[in-house]
Amino acid sequence: MAGIYPFEGIHYDDARVPLAQVIAPPYDVLSPDQQRELYDRHPCNIIRIILNRQTPEDSEAENRYTRAAGYLREWLANGVLVRDSVPAYYEYLQRFAHPNDPLHVVERQTLFVALKLEPYDKGVVLPHEETHPSAKADRLDLMRATRANPEPIYALYEDPARAVAQALAASRAENGPLLRAAVPGAPGAAADEHLLYRHSAAPVFRDLGEFMARRRVWIADGHHRYETGLNYQRERRREEGDPSETRDYDSLLVGLSSFEDPGLLVLPTHRLIRNIPAARLQDLLPLLQRYFQVRALTHEAAREWIGVEQAGEKRFALIRPDGAFGLILRDISQAEAGAADGHCEAWKRLDVTVLQTLVLDRTLGISWTTLAHTADVAYTRDAQEAVAKVRDGEYQIACLLQNPTVTEVRDVASAGDKMPQKSTFFYPKLWSGLILRGID
């Protein structure tokens, strides 16, 4: 099953640079404004490697990827970055305010490993979403230039007994953190803490390797980078005549958390809709009542109501400019019967599937096919933003969803299926700059 290996990690020397000023969220969640802010925050911020700026003068010889590689070489040469002299596993603890309760601090544990690359069809590493070629081309160019894994992908494994957490806690008790950073959080919330521990004892290597050798891995975030790793592996093996020995590029930097980790949060992605025909808006209530119990709510009450979870119940909130509806599904079989063909039962029961089938498609006339090409449906992970955009008239309706569960992700991927677009957001993201890995 899953093969994991310790590795000689590359990380900042926090005696040379303030760690909180040089780490960053991963490249794929950063806006251009955030990229600029990180550039200005510190001259050695990891943004210069994971998402270097494009310039009008870029050429094949000098471009964002060659500059990223140059920064990596320079910072290693001058000691801003250091490469550990012995292989290790690295444990990452993130302490953060719960997004729905800023006073509640949550801790999530992640283990950084070199994960053996396996094609999806072997059933060892399981994807849960589709990918796009352009993103893979970008990451492949960066990997070619840097000959490194500049940031980890995120994956999950099963550990009902929390055996890995216990093993790491025992090892951690003997050593303080290698790195620690406190990054200011949202207004009124405590700072986010990032702690990195290094584990290099032989018993830890043995126990973790034996444990993961009996496990599969589900990709949570970073499908593009995993598939880029596979493409890069094939490319390098062709260049080197397919050597019999295992090379560093035969594995990929991955952060692993257990499905059972109490700090594992998955947030929904809400839908925003415009250009709805007037006739459908006029008949909205009776159309919805075919499938849902409907109650009238205020905007504020709808945001609170969607956060209440009842076992066996599927509920949604539909925001209009003048108020809101709370929706409780009457019969799951109606959604299952109308769901797109060729999908597993777990996929048909997802909240995003129910919403798409019964609200967007049957009620508003936006089919699965239309959804992939329309500019009339937008997405946000912020319920307050969704309400504001409807109130201000930018969109006619917002559909708020409840949190998806990690069990749903596991069940869909285990059946060989993929989650619908914009259905999962693992929170928080693994920050970049705490650990890198060379693949020379």
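Since the structure is predicted, the reported quantities are computational estimates derived from the model, not experimental observations.
When only modelled atom types and interatomic distance are considered, H299 and R391 share a side-chain donor-acceptor pair under 3.5 Å. Inspection of the D138 and Y27 side chains reveals no N or O donor paired with an N or O acceptor under 3.5 Å. Judged by distance alone, the side chains of H199 and N175 never bring a donor and an acceptor atom under 3.5 Å apart.
One finds a salt bridge joining D221 and K429 here, because a Lys/Arg side-chain nitrogen approaches an Asp/Glu carboxylate oxygen to under 4.0 Å. In this structure, K116 does not pair ionically with D250, as no charged nitrogen and carboxylate oxygen lie closer than 4.0 Å. Salt bridge status for E336 with K348: absent, with no side-chain N to carboxylate O gap under 4.0 Å. Ion pairing of D261 with R108 is absent here, as no side-chain N (NZ or NE/NH1/NH2) approaches a carboxylate O to less than 4.0 Å. A salt bridge does not link R48 with E74: none of the charged nitrogens is closer than 4.0 Å to a carboxylate oxygen. Using a cutoff of 4.0 Å between basic side-chain nitrogens and carboxylate oxygens, R64 and D58 are not scored as salt-bridged. Taking a cutoff of 4.0 Å between a charged side-chain nitrogen and a carboxylate oxygen, R83 and E8 do not qualify as a salt bridge.
In this structure, the side chain of E91 does not engage the main chain of S171 through any donor-acceptor pair within 3.5 Å. Distance alone, capped at 3.5 Å, is enough to place a donor-acceptor pair between the N45 side chain and the Q21 backbone. A distance-only check finds a donor-acceptor pair linking the side chain of H223 to the backbone of H128 [under 3.5 Å].
Judged by a 6.0 Å distance limit and a 45° cone about the ring axis, R144 is not positioned over the six-membered ring of Y232. The cationic atom of R271 (NZ for Lys, CZ for Arg) does not lie both less than 6.0 Å from the six-membered ring centre of Y379 and within 45° of the ring axis. Geometric assessment of K422 against the ring of F425 yields a negative cation-pi assignment under the 6.0 Å and 45° thresholds. Cation-pi geometry between K389 and Y395 is not met at under 6.0 angstrom from the ring centre and within 45 degrees of the axis.
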Donor-acceptor pairs under 3.5 Å, side chain of residues 202-217 to any protein atom, not counting sequence neighbours: which ones?
unit_1, atom_1, unit_2, atom_2, d
R214, NH1, E210, O, 3.0
R215, NE, E158, O, 3.0

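Two rings, from W431 and Y92, have their centers 6.0 Å or more apart. The aromatic ring centroids of Y197 and Y90 lie 6.0 Å or more from each other. Between Y120 and Y226, a ring centre-to-centre spacing shorter than 6.0 Å is recorded.
Looking at every heavy atom in both residues, P262 comes nearest to R162 through CD-NH2, 3.6 Å. The two atoms that bring L178 and D14 nearest to each other are O-OD2, 4.2 Å, heavy atoms only. Across every non-hydrogen atom of V352 and W368, the tightest pair is O-CH2, 4.4 Å. Smallest separation of non-hydrogen atoms from V390 and L272: CG2-CD2, 4.3 Å. V377 approaches L371 most closely through the heavy-atom pair CG1-CD1, 3.8 Å.
Within 6.0 Å of CD in E107 there are more than 12 heavy atoms belonging to other residues, nucleotides or ligands.
Between K314 atom NZ and L350 atom CG the span is 7.0 Å, to the nearest 0.5 Å. Residue L360 holds its CG atom at 4.0 Å from CD1 of I273, rounded to the nearest 0.5 Å. The structure places CZ of R437 at 10.0 Å from CG of D440, a figure rounded to the nearest 0.5 Å. Taken to the nearest 0.5 Å, the CG atom of L72 stands 6.5 Å off from the OG1 atom of T146. Distance CG/N78 to CZ/R16: 5.5 Å, rounded to 0.5 Å. Rounding to the nearest 0.5 Å gives a distance of 12.0 Å between CD of Q109 and CG of L264.
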Next on the checklist: Please evaluate residues F292 and I328 with respect to the criterion side chain to side chain contact (heavy atoms under 4.5 Å, CB included), reporting the C-alpha separation (whole Å), side-chain torsions for both, the decisive distance (0.1 Å), and the verdict.
Outcome noted: CA-CA 5 Å; F292 302 96; I328 298 177; 5.9 Å; no
Item to check | side chain to side chain contact (heavy atoms under 4.5 Å, CB included) evaluation trace for V106 with H104 | outcome: CA-CA 6 Å; V106 181; H104 178 206; 4.0 Å; yes
Item to check | side chain to side chain contact (heavy atoms under 4.5 Å, CB included) assessment of R67 paired with E62 | outcome: CA-CA 7 Å; R67 285 191 295 275; E62 171 67 22; 3.0 Å; yes
